[in-house]
*Asks:* 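Structure incoming, see below.
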Amino acid sequence: MTTTAPRPDLRPPSLNADEKTTLLTFLDYLRESVLAKASGVPEPAVRTAGVPSGTSLLQLLKHLTAVELNWFVWAYTGADRDPWEDESTVSADDTASDLADAYQEAIVQANEVVLACTDLDRPGARSLRETPPPSMRWVLVHMIEETARHAGHADILREQIDGSIGR
């Protein structure tokens, strides 16, 4: 069972704002959904794979952390470093708290990049794919898609662990 009460089902944000604010608000909503799904799940359930592919709640946090940093920091800003490994496995030393903190820090860094962008059509420095660098608009929409897909995975994993449902 969980160590904290599950949160109630939350609806997507409602707002009438400019495009960047709207996209970032929906991305933040999905990010929070993933974090909430991993919150309060005891060991070893939080790291136990719920499907044959090996996906666990901690694996999702670790993957999404790298993906955020890769698209916003490495690709869009062109950070002078190698990309983060987005397929690494969860180690025995990885804790739920540490991985949640790392994801939240990656979100802060990514949001700083987005907020500094004055033109959603401007392409980034490079791409993680064999394509020209995508625009900030594309990166935001891609990250909404990526995070939403993994939020759905987290929903299923959490329901398998303790029956918790909802966003």
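Just so you know, these numbers come straight off a predicted model, no measurement behind them.
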*Asks:* Can you check side chain to side chain contact (heavy atoms under 4.5 Å, CB included) on I165 and D155, steps first, answer last?
*Replies:* CA-CA 7 Å; I165 59 171; D155 284 341; over 6 Å; no
*Asks:* For W138 and W71, I'd like to know if the aromatic rings sit close, meaning centre-to-centre distance below 6.0 Å.
*Replies:* yes
*Asks:* How many angstroms lie between atom CD of Q104 and atom CG of L61, to the nearest 0.5 angstrom?
*Replies:* 9.0 Å
*Asks:* If you take all heavy atoms of C117 and L120, which pair is closest and at what distance?
*Replies:* SG-N, 4.2 Å
*Asks:* Would you kindly say whether S164 and D162 are connected by a side-chain donor-acceptor distance under 3.5 Å?
*Replies:* yes
*Asks:* Any link between L115 and V139 through a network of hydrophobic side chains (Ile, Leu, Val, Met, Phe, Trp, Tyr) touching at under 4.5 Å?
*Replies:* yes
*Asks:* So does A66 get a backbone contact from the side chain of N70, meaning a donor-acceptor N/O pair under 3.5 Å?
*Replies:* yes
*Asks:* Do you know which two heavy atoms are closest between P133 and P123, and how far apart they sit?
*Replies:* O-CB, 3.4 Å
*Asks:* Rounded to the nearest 0.5 Å, how far does CD of E87 lie from OG1 of T89?
*Replies:* 10.5 Å
*Asks:* Could you check whether T25 and T21, counting side-chain N and O atoms only, form a donor-acceptor pair closer than 3.5 Å?
*Replies:* no
*Asks:* Using a 6.0 Å distance limit plus a 45 degree cone around the ring axis, check whether R81 lies over the aromatic ring of W74.
*Replies:* no
*Asks:* Among R31, K37, E145, H63, find the one that has a side-chain contact (heavy atoms from CB on, under 4.5 Å) with H150.
*Replies:* H63
*Asks:* Search all heavy atoms of G50 against all heavy atoms of Q160 and return the closest pair with its distance.
*Replies:* O-OE1, 3.2 Å
*Asks:* So, S33 side chain and Y29 main chain: donor-acceptor pair closer than 3.5 Å or not?
*Replies:* yes
*Asks:* Would you say the side-chain atoms of S97 and T95 include a donor-acceptor pair closer than 3.5 Å?
*Replies:* no
*Asks:* Would you compute the distance between atom OG1 of T77 and atom CG of D80 and round it to the nearest 0.5 angstrom?
*Replies:* 10.0 Å
*Asks:* Using modelled atom types only, decide if a donor and an acceptor are shared between the side chain of R158 and the backbone of L57 within a distance under 3.5 Å.
*Replies:* no
*Asks:* Measure the shortest side-chain to side-chain distance between R129 and H142 over non-hydrogen atoms and say whether it is less than 4.5 angstrom.
*Replies:* yes
*Asks:* Between V51 and V90, is there a shared hydrophobic cluster once you connect ILVMFWY residues whose side-chain heavy atoms come closer than 4.5 Å?
*Replies:* no
*Asks:* How long is the gap from CZ on R149 to CG on L64, to the nearest 0.5 Å?
*Replies:* 9.0 Å
*Asks:* Within a strict 4.5 Å, meaning less than it, do heavy atoms of the L157 and L60 side chains meet?
*Replies:* yes
*Asks:* Taking the side chain as every heavy atom from C-beta outward, state whether D28 and I107 have any atom pair closer than 4.5 Å.
*Replies:* yes
*Asks:* In the structure I gave you, are the side-chain heavy atoms of F26 and L140 within less than 4.5 Å of one another anywhere?
*Replies:* no
*Asks:* Could you tell me if the side chain of P134 sits less than 4.5 Å from the side chain of S127, heavy atoms only?
*Replies:* yes
*Asks:* Any side-chain heavy-atom pair from D119 and M136 closer than 4.5 angstrom?
*Replies:* no
*Asks:* Please report the closest heavy-atom contact between L99 and T65, naming both atoms and the distance.
*Replies:* O-OG1, 4.2 Å
*Asks:* Are the side chain of E159 and the backbone of A154 linked by a donor-acceptor contact shorter than 3.5 Å?
*Replies:* no
*Asks:* Could you check if a side-chain atom of E112 sits within less than 4.5 angstrom of a side-chain atom of F72, using non-hydrogen atoms only?
*Replies:* no
*Asks:* Taking the side chain as C-beta and beyond, is there a heavy-atom pair between K62 and S88 under 4.5 Å?
*Replies:* yes
*Asks:* Atom CD1 in I161, atom OG1 in T48: separation rounded to 0.5 Å?
*Replies:* 7.5 Å
*Asks:* Can a donor-acceptor pair be found, under 3.5 Å and without considering hydrogens, that links the side chain of R47 to the backbone of S91?
*Replies:* yes
*Asks:* What's the spacing between L27 CG and T22 OG1 if we round to 0.5 Å?
*Replies:* 12.5 Å
